[in-house]
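Whatever order the structure lists ligands and atoms in, that order sets their numbers, starting from 1.
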Amino acid sequence: MLEHIEKIFEEEPIPAHIKEKMEECRKKGMLVPDDELIKRPSHIEGIRKAGLINTAVLDEVGKYIKEGMSTQEVDDIVASFTASHNAICAPLHYEGYPKSVCTSINEEVCHGIPSRFRKLHDGDIVNVDCTTILDGYYADASRMFLIGEVSKERKRLVEETKKCLEIGMSVAKPWGTVGDIGYAISQYAKSKGYSVVRELGGHGVGIDFHEDPFVSHIGKKNTGMVLVPGMVLTIEPMINVGKAGVVLDAYNEWTVYTVDGKDSAQWEHTILITETGCEILTY
Ligand code: MF3
Ligand code: CO
Ligand code: CO
């Protein structure tokens with residue numbers, strides 16, 4: 001961890017009333033986050049700034065993305081816009097990942113790798129997942145983009161997946177649990193006839209790319225880690241039209257596909273658990 005970030009943990013302790021509630025939860029047998037998962041005001045300020053750039057990058061992609069463009073061109077937009085704002089694309093070289101952004105089309109669930117050989121076609125739905133590092137702080141968000149004339153089935157998938165994210169955020173509250181989020185999302189998705197990817201999920205974020213807790217998009221109410229004010233995490237449901245199962249690309253070992261080749265969509269935000277609910281840091 002960067003020194004200026006580490007120092008803040010000592011300079012800005014967790015408020016006593018929050019520590020007390022954490023202790024109460026622990027006594028009740030709930031899974032309580034480590035103190036390092038509770039971001040302090042200066043950390044939050046830093047993550048917020050990373051979030052502003054992250055949002056601007058996705059806005060920039062939205063201005064230009066269109067039919068005929070290659071996913072490499074999307075990568076170029078993300079890389080150059082991010083660099084020009086003195087920020088870094090977290091994906092590049094992350095665990096060997098070769099590009100600056102993920103671009104996942106149609107039956108690709110996530111971690112699609114940009115390529116100059118992969119063009120966006122009329123009717124495609126594409127997720128652009130962007131993680132920005134600024135001054136050591138991370139913000140992670142993704143959106144779906146519709147290319148040209150998109151079928152009503154695909155439009156519905158994209159809209160209902162966005163609704164899944166919104167529902168997940170609406171139940172993300174202090175002293176609730178991570179399981180509440182997955183429960184709400186999976187109930188809604190199932191009610192619309194869709195399935196929810198289990199193998200991948202949201203995560204703590206802010207000081208590192210992927211921190212605890214894992215945020216499953218299926219789940220049981222009142223289970224898993226308790227949500228404490230100051231926690232920063234992503235919610236990023238991957239919703240499938242067909243079966244929930246996924247397969248990993250055997251050649252690039254990154255791209256995840258639906259097992260049945262049917263469509264999948266995803267939306268992601270980075271959120272802060274506040275004293276009253278949650279706040280989106282990637283708007
Ligand atoms: N941004 C993705 C997430 O939401 C992670 C991408 S990892 C990468 O967690 F290496 F593929 F970029
Ligand atoms: Co994420
Ligand atoms: Co992401």
Heavy-atom side-chain contact between [X] and [Y] under 4.5 Å:
X    : Y    : result
I239 : L157 : yes
F214 : V178 : no
E12  : S42  : yes
E236 : D140 : yes

Report all N/O contacts between ligand 1 and the protein shorter than 3.5 Å as a table of atom names and distances to 0.1 Å; if there are none, say 'none'.
residue  : atom  : partner : partner atom : Å
ligand 1 : 1 (N) : D129    : OD1          : 3.1
ligand 1 : 1 (N) : D129    : OD2          : 3.1
ligand 1 : 1 (N) : T131    : OG1          : 3.3
ligand 1 : 1 (N) : D140    : OD1          : 3.3
ligand 1 : 4 (O) : D129    : OD2          : 3.2
ligand 1 : 4 (O) : D140    : OD2          : 3.0
ligand 1 : 4 (O) : E236    : OE1          : 2.8
ligand 1 : 4 (O) : E236    : OE2          : 3.2
ligand 1 : 4 (O) : E268    : OE1          : 3.0
ligand 1 : 4 (O) : E268    : OE2          : 3.1
ligand 1 : 9 (O) : D140    : OD2          : 3.4
ligand 1 : 9 (O) : H203    : NE2          : 3.0
ligand 1 : 9 (O) : H210    : NE2          : 2.8

Exercise. Where the side chain of H111 meets the backbone of Y97, is there a donor-acceptor pair that is under 3.5 Å apart?
Worked result: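 Here the side-chain-to-backbone pair does not exist.
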For this session: For the Co ion (ligand 2), decide whether H203 has an N, O or S atom at a distance under 2.8 Å.
Result: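 Checking the Co ion (ligand 2) against H203, an N, O or S atom does fall under 2.8 Å.
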Exercise. Looking at the rings of H210 and Y94, which for Trp means the six-membered one, are their centres under 6.0 Å apart?
Worked result: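 H210 vs Y94: aromatic centres under 6.0 Å.
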For this session: Give me the ring orientation class for F209 and H203: parallel if the planes are under 30° apart, tilted from 30 to 60°, perpendicular past 60°.
Result: perpendicular
For this session: Not counting sequence neighbours, which residues clear side chain to side chain contact (heavy atoms under 4.5 Å, CB included) with T71? List them please.
Result: T103, I105, P114, S115, R118, L120
For this session: Say whether I8 and I38 are linked into one hydrophobic cluster, either directly or through other cluster members, by side-chain heavy-atom distances under 4.5 angstrom.
Result: no
Problem set entry | Atoms named by residue and atom, protein N, O or S, within reach of the Co ion (ligand 3) (under 2.8 Å) |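 Atoms qualifying: D129 OD1, D129 OD2, D140 OD1, E268 OE1.
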Between side-chain atoms of residues 47-65 and protein atoms elsewhere (two or more places apart, or another chain), which donor-acceptor pairs fall under 3.5 Å?
residue : atom : partner : partner atom : Å
R48     : NH1  : E279    : OE2          : 2.4
N54     : ND2  : C130    : O            : 2.8
N54     : ND2  : T132    : OG1          : 3.1
N54     : ND2  : A139    : O            : 3.2
T55     : OG1  : G51     : O            : 3.0
T55     : OG1  : T282    : O            : 3.0
T55     : OG1  : Y283    : N            : 3.4
T55     : OG1  : Y283    : O            : 3.4
D59     : OD1  : R143    : NH1          : 2.9
D59     : OD1  : R143    : NH2          : 3.0
E60     : OE1  : K63     : NZ           : 3.1

